[in-house]
Amino acid sequence: MYRDLRSFLTKLEEEGQLVHITDEILPEPTIREIGRAACDLPNGPAVMIENIKGHPGKRVVLNVHGSWANHALMLGMDKTATVKEQFFNLLEKWDRYPGEVKYVGKPACQEVVIKDNINIDEMLPMFRINAYDAGCFFSKASVVTKDLFDPDSLETENVGTYRLQVQGKDIIGIQALPFHDIARHVTKAEEMNKPLPIAICLGVDPALTFMASTPINYDQSEYKYAAAINGIPCEIAKALTSNLDIPANAEYVIEGEIIPRQRFAEGPFGEFPGSYSGTRLQTRIKVKCITHRKDPIFENLFMGRPWTEIDYLLALNTCVPLYKQLKETMPEIVAVNAMYQHGLTAIVSTANRFGGYAKSVAFRLASTPHGISYCKNIILVGPDVDPFNLEQVMWSLSARVRPDKDVIVIPYTPGMPLDPTSEPPGMGGKFIIDATNPAPPDLILRETRLIDNPNSKGFEKIISDLQKKASVK
Amino acid sequence: MKCVRCLHDTAAKFAEAPDGSGAWEMYVCSRCNFTWRNTEEDEVINPEKRDPYFQLKGNIEDLQVLVPVPPLKKS
Ligand SMILES: [Zn+2]
């Protein structure tokens, strides 16, 4: 589908999902106001900002993934596809892994090469995303690192999204949390006191951005997943100052090295739970070279109190791996909605193999690699409930939960440090609500007869077509 | 120059509008790594008006280290 950001922007434009702001603006606070507005609108479009004071000719694009319409288009679906339809579509594409990668000589991302007098804030139209951020951050970069001891593997090469704070002309702070894949690479390099090459890739194809924020296994390749989703080979190339593989059609690539064995103040930063993180000592990157396409587009995202663009990037890609891991041993699972704050709240639709089974599903979810620290509130609903339809989930809670036997709290389990309720940071708990219908030998206290849904699909289409016609007039 | 966040005299200019218009300048504190643009809102760049919660008091070396430096390995 999309070999780069530009081909996706063209598609968004054709579908009425890209708008341009051409009035002259100052980076702060206007860009954050635009980012907030774009994702608050129903089916909010991507926004290209084309006239930034002091940066003639430079462009910023926001909200590229920031609505279900844009998300559906990324998957090659109709922009009206429901979230559940997008979930099942993504599941199919997931099974095409591994897709192909293709090495490209003279990649577009290296059309312009800058090695001297680097000054990031003068070269890119950076902006402070939230008022109390410690500086300007890259919030949507695809960051590439390798295991120094496994330099030829695409599988252990990592492409991840980490927040990056510009801290000087050619200095960037990076937050790599201990459970992030990149932390393994950093630790191995630091044990040897060696700098770790790193490439910060900005403005890549939408599926790669999506995969960079997906919790896949350490030994799986984000490039091959992006290829599986796009249905075309992922074009990569060699970086100029290292052996790293980079997306050939990125808008910008910032190459540098993580300085070993030193820590510097970084943060705070408005984070995905909708609150600020703290100021911590973190690792730092020294930039060696910046390359970019001709007339580059700087893609970044606004993140604020949910929902904002980041929530779309942490939505179905959190659901799918969890679904796959549960389904392996529990075929009764129908769908997993773990879209809320990267899975801090998750809703699983499952049949009960026997009495109490749904609670076992919750334990399984709570012991998946991602679920251990993230999945805090776990809601189980029956196979007849669409977990992406919150009205149905609420009905299920209202009509199927008996608090004395269906609600469980497990204290003092691992937690997600960025969750403001995780105290001390890293500790948490599990809250399980079983809203499935009981199965024997569980007690079925009162028999209920559900109202059957009439066969309405035919009329849905007729009425929706009539509605479209009515709105054209 | 004084840092608007940690109030130490450790800040300096590091960037300016690349079109030479003088539209803005940017500063960085070498101690706490706070950066700011001179055209930002008062609540962000005026120490008197900043939310005290976001000011940085205390020593840098006392900040939490999220990924500790591992012991050196002999190669
Ligand atoms: Zn300071």
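Each chain gets a letter, A, B and so on, in the order the sequences are listed, and its residues count up from 1.
- Proximity of a side-chain donor or acceptor of A:N300 to a complementary backbone N or O of A:S139 within less than 3.5 Å is detected.
- Using a 4.5 Å cut-off between heavy atoms, A:N193 contacts chain B through both its backbone and its side chain.
- Under the salt bridge (Lys or Arg N to Asp or Glu O under 4.0 Å) test applied with A:E257, the options A:R284, A:K288, A:K286 reduce to a single match, A:K288.
- Contact of B:W36 with chain A is made through backbone and side chain together, with heavy-atom distances under 4.5 Å.
- Between chain B and the options A:T279, A:V186, A:T283, heavy-atom pairs under 4.5 Å are most frequent for A:T279.
- Ion pairing between a basic and an acidic side chain is recognised when a charged N comes within 4.0 Å of a carboxylate O; B:E41 and A:R32 show such pairing.
- Heavy atoms of A:R263 lying under 4.5 Å from chain B belong exclusively to its side chain.
- The number of heavy-atom neighbours closer than 6.0 Å to CZ of A:R261, taken from other residues, nucleotides and ligands shown, is above 12.
- Applying the ring-ring contact (aromatic ring centres under 6.0 Å, His included) criterion to A:F127, with sequence neighbours excluded, gives no partner residue.
- At least one cation-pi condition fails for B:R37 and B:Y27: the charged atom is not both under 6.0 angstrom from the six-membered ring centre and inside a 45 degree cone around its axis.
- For a residue to count as touching a neighbouring chain, one of its non-hydrogen atoms must lie under 4.5 Å from one of that chain's; by this rule A:P425 does not touch chain B.
- Residues B:F34 and B:H8 place their aromatic rings such that the two centres sit no closer than 6.0 Å.
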A:I198/A:I182 under side chain to side chain contact (heavy atoms under 4.5 Å, CB included): CA gap, chis, key distance, verdict | CA-CA 10 Å; A:I198 187 166; A:I182 191 176; 4.3 Å; yes
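- Here the rule is side-chain contact (heavy atoms from CB on, under 4.5 Å) with A:I21, and of A:I31, A:V60, A:T30, A:I34 only A:I34 fits it.
- Partners of A:Y162 according to the side chain to side chain donor-acceptor pair (under 3.5 Å) rule, which considers only residues two or more places apart in sequence or in another chain, are A:N158.
- Heavy-atom proximity under 4.5 angstrom to chain A picks out B:F54, B:L56, B:I60, B:E61 from residues 52-62 of chain B.
- The most heavy-atom pairs under 4.5 Å with chain B, out of A:H55, A:M123, A:Q262, A:Q165, come from A:H55.
- Using a 4.5 Å cut-off between heavy atoms, A:R128 contacts chain B through its side chain alone, with no backbone atom that close.
- More than 12 heavy atoms of other shown residues, nucleotides or ligands fall within 6.0 angstrom of atom CG in B:D42.
- We find that B:E43 and B:K49 are not joined by a salt bridge, their nearest charged nitrogen and carboxylate oxygen being 4.0 Å or further apart.
- Residue with the most contacts toward chain A among B:A15, B:A12, B:S21: B:A15 (heavy-atom pairs, distance under 4.5 Å).
- A:T22 and A:N51 share no donor-acceptor pair across their side chains, judged by distance under 3.5 Å alone.
- A 4.5 Å side-chain heavy-atom check between A:F298 and A:Y252 finds at least one atom pair inside the cut-off.
- At a 4.5 Å heavy-atom cutoff, the contact between A:Q282 and chain B is made by side-chain atoms alone.
- For residues 65-72 of chain B, a heavy-atom distance under 4.5 Å to chain A picks out B:V65, B:L66, B:V67, B:P68, B:V69, B:P70, B:P71, B:L72, given by residue number.
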